[in-house]
Amino acid sequence: MAAEQLLQRRPGCLVLLFLLLASVMMCPLVWSSPPTTVGRPPELTLVAGAAEKGAVCLDGSPPAYQLERGFGSGSHSWLVYLEGGGWCSTVEACSKHTKSALGSSNFMEAVQYAGIFSNDQSQNSDFYNWNKVFVRYCDGASFSGDAEYEDQDGNKLFFRGLRIWEAIIDELMEKGLANAKQALLAGCSSGGLATLLHCDDFNARFPPKVAVKCFSDAGFFLDKKDMDGERFIRSVYNGVVHLQNVNKVLPKDCLAKMEPLDCFFPSELIKSISTPTFILNSGYDSWQIKNVLVPDESSPEKSWLTCKANIRDCDSTQIEVLHGLNRTMVGDLKVVQDKEEWGLFIDSCFTHCQTPFRISWDSPISPRLGNKTIAQAVGDWHFSRGQRVKEIDCDYPYNPTCSSQLPS
C-alpha cells in the first residue's frame with residue numbers, strides 16, 4: 001500500500017462494515033467472561049542488591065517484577081513486559097509519585113495477569129505457556145533516566161530508570177532468560193515507549209540464533225499540538241528528558257542530527273530500531289485524546305470535556321479534529337511500511353492499552369482488522385505465519401468491532 005493511500009479512508013472499509021453488520025445480525029457480538037480459574041498472582045520480587053547498583057525507584061526503594069514460569073513447549077520462550085503509568089516531568093510531580101506504586105515499591109502489590117499474560121490456551125494461544133515477566137514501573141521516565149535530585153524538603157529523588165532496566169534484565173538472565181530460544185520485549189503506554197527505547201539493547205544481549213522481537217502497545221505518542229495550538233505533550237517530554245537525563249538510551253544516529261527531545265518521540269525512534277517490532281495502537285487513542293489533544297491545561301470548552309470522555313458524544317466537527325490525530329499517526333508510521341519484518345495493527349477504537357485485557361486481546365468482541373483479533377495478528381507476525389501483518393483501520397466510526405466495552 002502506498003504511503004499516500006494510508007492517509008485516505010480505504011474503499012473496502014464500507015464493504016467490510018456491511019459484511020460485519022450482517023454477521024452481527026446473525027450472530028450478535030455479546031461478550032461475557034468465561035469460567036476461569038483465578039489463582040494467586042505471581043509474587044512480587046524485589047531486585048537483589050538494588051541499592052548497591054544504584055538501581056532504585058524514585059524514593060530509593062528497590063524496583064520489582066513478577067515472574068511466572070513457562071511450561072511445556074514454552075519453557076524456553078520469554079515475554080518481558082514493561083509496565084506503563086505516565087511520566088513525571090517536574091521535581092514536584094516526581095515527589096508525589098514517591099507516595100505511590102509509580103515511585104516506590106513500598107506501595108506495590110502483586111497484580112493478576114490477563115490478556116497476553118493469560119496461561120489459558122483458549123484465550124492466549126501463542127503465548128500461554130511462555131515465561132512471563134511483568135516489570136513494575138517506578139522511575140517516571142520509561143526506564144530511561146540516570147540522575148539524582150533533591151526536592152524542596154531535602155528528600156532525594158532517584159531518577160534511575162536506566163539502571164533499573166539493566167539490573168532487572170541482568171537478574172532475569174540469571175534466572176533463565178539467558179537460555180531463551182525466543183524472547184519478546186513488550187510494554188504498554190509509557191512501557192510501550194520504553195520498549196522502543198530499549199528494543200535494540202534487549203536484542204543485543206542474545207546470540208544471533210535467538211529470535212528476539214519487540215512489541216509496543218499504545219506507546220506511539222504523537223508530537224501533536226493541542227486545541228490551544230500548544231504542544232503540551234512536548235513540554236512534558238522536555239521536562240522528562242532534561243530532569244531525568246535520558247540521553248544514554250537515545251539512538252546515537254538520531255542525536256547526531258536532532259535534539260534529545262525529538263529523539264524521545266516514537267516517530268523518530270522507529271527510524272533507528274533494527275530489531276523486528278510490532279506497533280499496536282489506536283489511531284483514536286483515548287489517552288492521547290484526553291492528554292495530548294485536549295489536556296486539562298488547555299482549558300477546553302465544555303463540549304470538548306464531554307467529547308474527550310467518550311468519543312460517542314463528539315459532534316461532527318470534533319470528529320474531524322480526531323481524524324487529524326489519526327492521520328498524523330498513520331503518517332508518522334509510513335516508515336514502517338518499508339520495514340519488512342515489522343508489523344502494524346492500528347485500529348480506530350476509543351481505547352488505550354489493548355494487550356493486558358482479555359476483552360481487547362482475544363475475545364468475541366475484540367477489535368478486528370483483516371478479520372483477525374489483536375492476538376491472532378501478533379501471533380501471525382511473531383511466528384511469520386502467512387503474509388506480513390500491516391493492518392491500518394478505516395476512520396472512526398466505520399469498524400463495528402470497536403466495542404463500547406473496551407477499556408478507555
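These numbers come from the heavy atoms of this one structure, side chains and all, not from hydrogens, waters or symmetry mates.
Thr351 and Ser286 form no side-chain donor-acceptor contact under 3.5 Å, judged by distance and modelled atom types alone. Neither side chain, Thr98 nor Asp59, offers a donor N or O lying under 3.5 Å from an acceptor on the other. Thr275 and Asp200 share a side-chain donor-acceptor pair at under 3.5 Å. For the residue pair Ser408 and His352, no side-chain donor N or O sits within less than 3.5 Å of a side-chain acceptor on the partner. Under the 3.5 Å distance criterion, with hydrogens and angles disregarded, a donor-acceptor pair is assigned to the side chains of Gln354 and Asp347. Asp395 and Ser348 share no side-chain donor-acceptor pair at under 3.5 Å. At a cut-off of 3.5 Å, with distance as the only test, a side-chain donor of Ser122 or Asp120 sits close to an acceptor on the other residue.
A heavy-atom distance below 4.5 Å is not found between the side chains of Ile319 and Ser316. Using a 4.5 Å cut-off on side-chain heavy atoms (C-beta onward), Pro407 and Ile359 make contact. Residues Leu325 and Thr328 form no side-chain contact, since every pair of their non-hydrogen atoms from C-beta on lies 4.5 Å or further apart. Two residues are said to be in side-chain contact when any heavy atoms from C-beta on lie closer than 4.5 Å; Asp151 and Glu92 fail this criterion. Under the 4.5 Å side-chain criterion, counting only non-hydrogen atoms from C-beta, Trp361 is in contact with Asn124. Here the side chains of Leu162 and Ser144 are not in contact, with every heavy-atom distance at 4.5 Å or above. Residues Ile346 and Asp393 have side chains not in contact (no heavy-atom distance under 4.5 Å, counting atoms from C-beta outward). Within the 4.5 Å cutoff, side-chain heavy atoms of Gln288 are placed close to those of Met329.
Listed for the Asp285 side chain is a donor-acceptor partner under 3.5 Å among the backbone atoms of Trp287. Judged by distance alone, with hydrogens and angles left aside, the side-chain atoms of Lys308 form a donor-acceptor pair with the main-chain N or O of Val294 at under 3.5 Å. Side-chain N or O atoms of Asp217 include one that pairs as donor or acceptor with a backbone N or O of Thr355 at under 3.5 Å. Here the side chain of Asp139 pairs no donor or acceptor atom with the backbone of Phe159 at under 3.5 angstrom. Side chain of Lys290 to main chain of Asp296: no donor-acceptor pair is present (N/O by atom type, distance under 3.5 Å, no hydrogens or angles).
The two residues Gln318 and Cys307 have their closest heavy-atom pair at OE1-CB, 3.6 Å. Across Gly219 and Leu196, no two heavy atoms sit closer than the pair O-CD1, 4.4 Å. Contact record, Leu243 with Thr90: CD2-C, 3.7 Å, taken as the closest heavy-atom pair. For the residue pair Ala55 and Pro63, the shortest heavy atom distance occurs at O-CD, 2.9 Å. The nearest pair of heavy atoms linking Gly103 to Cys57 is O-CB, 3.4 Å. Residue Ala64 comes nearest to Leu46 through the heavy atom pair CB-CD2, 3.8 Å, listed as atom of the first residue, atom of the second, then distance.
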Q | Criterion side-chain hydrogen bond (donor to acceptor under 3.5 Å, both in side chains) on Tyr149 and Gln244, from CA distance to verdict | A | CA-CA 9 Å; Tyr149 218 94; Gln244 299 221 29; over 6 Å; no
Q: Apply side chain to side chain contact (heavy atoms under 4.5 Å, CB included) to the pair Ile392 and Leu344, showing each step before the final yes or no.
A: CA-CA 7 Å; Ile392 295 181; Leu344 286 174; 4.3 Å; yes
Q. Run the side-chain hydrogen bond (donor to acceptor under 3.5 Å, both in side chains) check on Ser366 and Ser360 step by step: do they pass?
A. CA-CA 4 Å; Ser366 296; Ser360 47; over 6 Å; no
Q.
Run the side chain to side chain contact (heavy atoms under 4.5 Å, CB included) test on Leu44 and Glu109 for me, step by step, so that the C-alpha distance in whole Å, both residues' side-chain angles and the decisive distance to 0.1 Å come before the verdict.
A. CA-CA 7 Å; Leu44 197 68; Glu109 295 181 359; over 6 Å; no
Q.
Please determine whether salt bridge (charged side-chain N to carboxylate O under 4.0 Å, His left out) holds for the pair Lys175 and Asp170, giving the CA-CA distance in whole Å, both sets of side-chain angles, and the decisive distance to 0.1 Å.
A. CA-CA 9 Å; Lys175 292 188 174 184; Asp170 288 347; over 6 Å; no
Q: Quick one: do Ser61 and Asn106 satisfy side-chain hydrogen bond (donor to acceptor under 3.5 Å, both in side chains)? Show the steps, please.
A: CA-CA 7 Å; Ser61 61; Asn106 294 326; 4.6 Å; no
Q: Go through the steps to decide whether Ser73 and Asn129 satisfy the test side-chain hydrogen bond (donor to acceptor under 3.5 Å, both in side chains), and finish with yes or no.
A: CA-CA 7 Å; Ser73 61; Asn129 61 352; 3.0 Å; yes
Q: Apply the test side chain to side chain contact (heavy atoms under 4.5 Å, CB included) to residues Ile365 and Thr401: give CA-CA distance (whole Å), side-chain angles for both, the deciding distance (0.1 Å), then the verdict.
A: CA-CA 6 Å; Ile365 61 167; Thr401 67; over 6 Å; no
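By the 6.0 Å contact criterion, CD on Glu148 is enclosed, its count of non-hydrogen atoms from other residues, nucleotides or ligands being greater than 12. Crowding of Lys225 atom NZ: a count of heavy atoms from other residues, nucleotides or ligands under 6.0 Å not exceeding 12. Heavy atoms of other residues, nucleotides or ligands lying less than 6.0 angstrom from CD of Glu320 number more than 12. Within 6.0 Å of NZ on Lys96 lie no more than 12 heavy atoms contributed by other residues, nucleotides or ligands.
In this structure, His382 has its ring center no closer than 6.0 Å to that of Trp342. Two rings, from Phe350 and Tyr284, have their centers 6.0 Å or more apart. Ring-centre distance between Tyr81 and Phe117: below the 6.0 Å cut-off.
Under the ring-ring contact (aromatic ring centres under 6.0 Å, His included) test applied with Phe143, the options Tyr137, Trp87, Trp165 reduce to a single match, Tyr137. A side-chain contact (heavy atoms from CB on, under 4.5 Å) with Leu67 is found for exactly one of Thr45, Val135, Val133, namely Val133.
Between Phe221 and Tyr237, the ring-plane angle classifies as perpendicular under the 30° and 60° cut-offs.
A salt bridge is absent between Lys156 and Glu150: the closest approach of a Lys/Arg side-chain nitrogen to an acidic carboxylate oxygen does not fall below 4.0 angstrom. A salt bridge does not link Asp226 with Arg231: none of the charged nitrogens is closer than 4.0 Å to a carboxylate oxygen. Look at Lys372 and Asp362 and you find no salt bridge, because none of the NZ, NE, NH1 or NH2 atoms lies under 4.0 Å from a carboxylate O. Salt-bridge formation is detected for the pair Lys271/Glu268: a Lys NZ or Arg NE/NH1/NH2 atom is positioned less than 4.0 Å from an Asp or Glu carboxylate oxygen. Ion pairing of Asp201 with Arg205 is present here, as a side-chain N (NZ or NE/NH1/NH2) and a carboxylate O approach within less than 4.0 Å.
Both cation-pi conditions hold for Lys213 and Trp381: the charged atom is under 6.0 angstrom from the six-membered ring centre and inside a 45 degree cone around its axis.
Taking Asp332 as the reference, nothing meets the side-chain hydrogen bond (donor to acceptor under 3.5 Å, both in side chains) condition, with sequence neighbours excluded.
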